[in-house]
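Sequence positions, counted from 1, serve as the residue numbers for this chain.
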Amino acid sequence: MQMNPGFRSPHLILGGARSGKSRHAENLMAGIGPPCIYIATAQVLDDEMEDRVRRHKERRGTGWETIESPLSLLGTLEGLQGRQRPVLVDCLTLWLSNLLLSASGTSPEEEVAGLCEFLKEVRYPLIMVSNEVGFGIVPDNALARRFRDLAGFSNQKIAARCEAVTLVVAGIPFPLK
C-alpha cells in the first residue's frame with residue numbers, strides 16, 4: 001500500500017452540505033491507492049437517495065469495495081483490522097441519524113465512545129467524513145436539536161482522537177489539525 005508522505009490517519013473531514021467533503025476524501029484515498037474500502041452509512045429509502053448513491057459510485061469508479069453499514073459501523077471497522085486496506089467512511093452524520101432513529105437499544109453516545117476507543121488502535125489508513133452542523137440556525141423541534149447536539153459533540157470527540165482534521169468549504173480544504 002503506497003501512501004502519500006505526510007498522510008496522517010485517522011483523518012476526519014468536516015464540511016457543510018454540498019461542500020465538497022466527500023470528493024476531497026475520495027481524492028485523498030486516491031493518493032493512497034486502490035484497492036480501497038468505502039463504508040456507506042446511508043440507507044436507500046427513496047429514489048432521491050438511490051440516485052445520490054449511484055452518482056457517488058460512478059464518481060468513485062473501479063478499485064473500491066463498498067460495504068453498507070448503516071448501524072454497526074464500529075463492528076465493521078473492527079472487522080477490517082489486519083486487511084491493511086485504506087478505508088473511507090461516508091458519512092458519520094448519517095450513521096448518527098440512523099442510530100438516533102433506530103430501536104436498537106444502543107445509545108448513539110455509547111457508539112461514539114466505542115468509535116473513539118477504536119480510533120486509538122486502528123491499524124489501517126482511515127478517513128471519515130462528517131457534516132459540520134453547527135453553522136446553521138437552532139432547529140425549531142426537539143429531535144432536530146438533539147441531532148444537532150449529538151453531531152456537534154460527536155464531531156468534537158472524534159476530532160480529538162484523529163491525527164488530522166480538515167474542514168472543506170466551497171470545495172476548498174482547510175487543514176485544522
Query raised in the report: Does Trp95 belong to the same Ile/Leu/Val/Met/Phe/Trp/Tyr cluster as Leu101, with side-chain heavy atoms less than 4.5 Å apart forming each link?
Result: yes
Query - Salt-bridge present (Glu58, Arg54; N to O < 4.0 Å) - result: yes
Query raised in the report: Of all heavy-atom pairs between Asp90 and Ser22, which one has the smallest distance, and what is that distance?
Result: OD2-OG, 2.6 Å
Requested in this report: Before giving the answer on side chain to side chain contact (heavy atoms under 4.5 Å, CB included), spell out for Tyr124 and Arg83 the whole-Å C-alpha distance, their side-chain angles and the decisive distance to 0.1 Å.
Outcome: CA-CA 8 Å; Tyr124 51 80; Arg83 289 188 61 190; over 6 Å; no
Query raised in the report: Is a side-chain N or O of Ser154 found less than 3.5 angstrom from the main chain of Val112, in a donor-acceptor match?
Result: no
Report task. Evaluate the side chain to side chain contact (heavy atoms under 4.5 Å, CB included) criterion for residues Val89 and Leu77: first the C-alpha distance (whole Å), next the side-chain angles of each, then the deciding distance (0.1 Å), finally the verdict. Result -> CA-CA 9 Å; Val89 176; Leu77 291 170; 4.0 Å; yes
Query raised in the report: Atom CH2 in Trp64, atom CD in Glu26: separation rounded to 0.5 Å?
Result: 5.5 Å
Requested in this report: Look at Arg145 together with Asp149 and state whether they make a salt bridge at an N to O cut-off of under 4.0 Å.
Outcome: no
Report task. Taking all non-hydrogen atoms of both residues into account, name the closest pair between Lys21 and Gly16 and its distance. Result -> NZ-O, 2.9 Å
Only pairs under 3.5 Å count here: list side-chain donor-acceptor contacts from residues 67-74, not counting sequence neighbours, and write none if there are none.
residue: Ser69; atom: OG; partner: Ser72; partner atom: O; Å: 3.2
residue: Ser69; atom: OG; partner: Leu73; partner atom: N; Å: 3.4
residue: Ser69; atom: OG; partner: Thr76; partner atom: OG1; Å: 2.8

Report task. Evaluate the side chain to side chain contact (heavy atoms under 4.5 Å, CB included) criterion for residues Met128 and Ile39: first the C-alpha distance (whole Å), next the side-chain angles of each, then the deciding distance (0.1 Å), finally the verdict. Result -> CA-CA 9 Å; Met128 299 168 290; Ile39 299 178; over 6 Å; no
Report summary line: Residue pairs meeting salt bridge (charged side-chain N to carboxylate O under 4.0 Å, His left out), one or both in residues 119-141, sequence neighbours left out, come to Glu117-Lys120
Report task. Run through Leu28, Ile32, Ile127 and flag the one making a side-chain contact (heavy atoms from CB on, under 4.5 Å) with Pro86. Result -> Ile32
Report summary line: Separation between CG (Leu100) and CD (Glu111), nearest 0.5 Å, reads 12.5 Å
Query raised in the report: Can you check whether Leu143's main-chain N or O pairs, donor with acceptor, with Asn141's side chain at less than 3.5 Å?
Result: yes
Query raised in the report: Tell me, do Pro10 and Arg161 make a side-chain contact under 4.5 Å, heavy atoms counted?
Result: no
**Report entry** Gap separating the CD atom of Glu65 from the SG atom of Cys36, nearest 0.5 angstrom
**Finding:** 10.5 Å
Requested in this report: Please check if Val165 and Leu115 belong to a single hydrophobic cluster, counting links between Ile, Leu, Val, Met, Phe, Trp and Tyr side chain heavy atoms closer than 4.5 Å.
Outcome: yes
Query raised in the report: Out of curiosity, His24 NE2 to Met29 CE, how far, rounded to the nearest 0.5 Å?
Result: 12.0 Å
Report task. Examine distances only and state if a side-chain atom of Asn98 and a backbone atom of Leu94 form a donor-acceptor pair shorter than 3.5 Å. Result -> yes
Query raised in the report: Does Asn131 offer a backbone N or O that forms a donor-acceptor pair with the side chain of Asn155 under 3.5 Å?
Result: yes
Requested in this report: Might you work through the side chain to side chain contact (heavy atoms under 4.5 Å, CB included) test for Leu99 and Thr106, ending with a clear yes or no?
Outcome: CA-CA 8 Å; Leu99 290 171; Thr106 306; 5.8 Å; no
Side-chain donor-acceptor distances from residues 166-177 under 3.5 Å, at least two apart:
residue: Thr166; atom: OG1; partner: His11; partner atom: NE2; Å: 2.8
residue: Lys177; atom: NZ; partner: Ala159; partner atom: O; Å: 2.8
residue: Lys177; atom: NZ; partner: Ala160; partner atom: O; Å: 3.3
residue: Lys177; atom: NZ; partner: Cys162; partner atom: O; Å: 2.7

Query - From Leu150 atom CG to Arg148 atom CZ, the distance as rounded to the nearest 0.5 Å - result: 11.5 Å
Query raised in the report: With distance as the sole test, does Thr41 use its side chain to make a donor-acceptor pair with the main-chain N or O of Cys91 at under 3.5 Å?
Result: yes
Query raised in the report: CZ/Arg52 to CE/Met49 distance, rounded to the nearest 0.5 angstrom?
Result: 5.0 Å
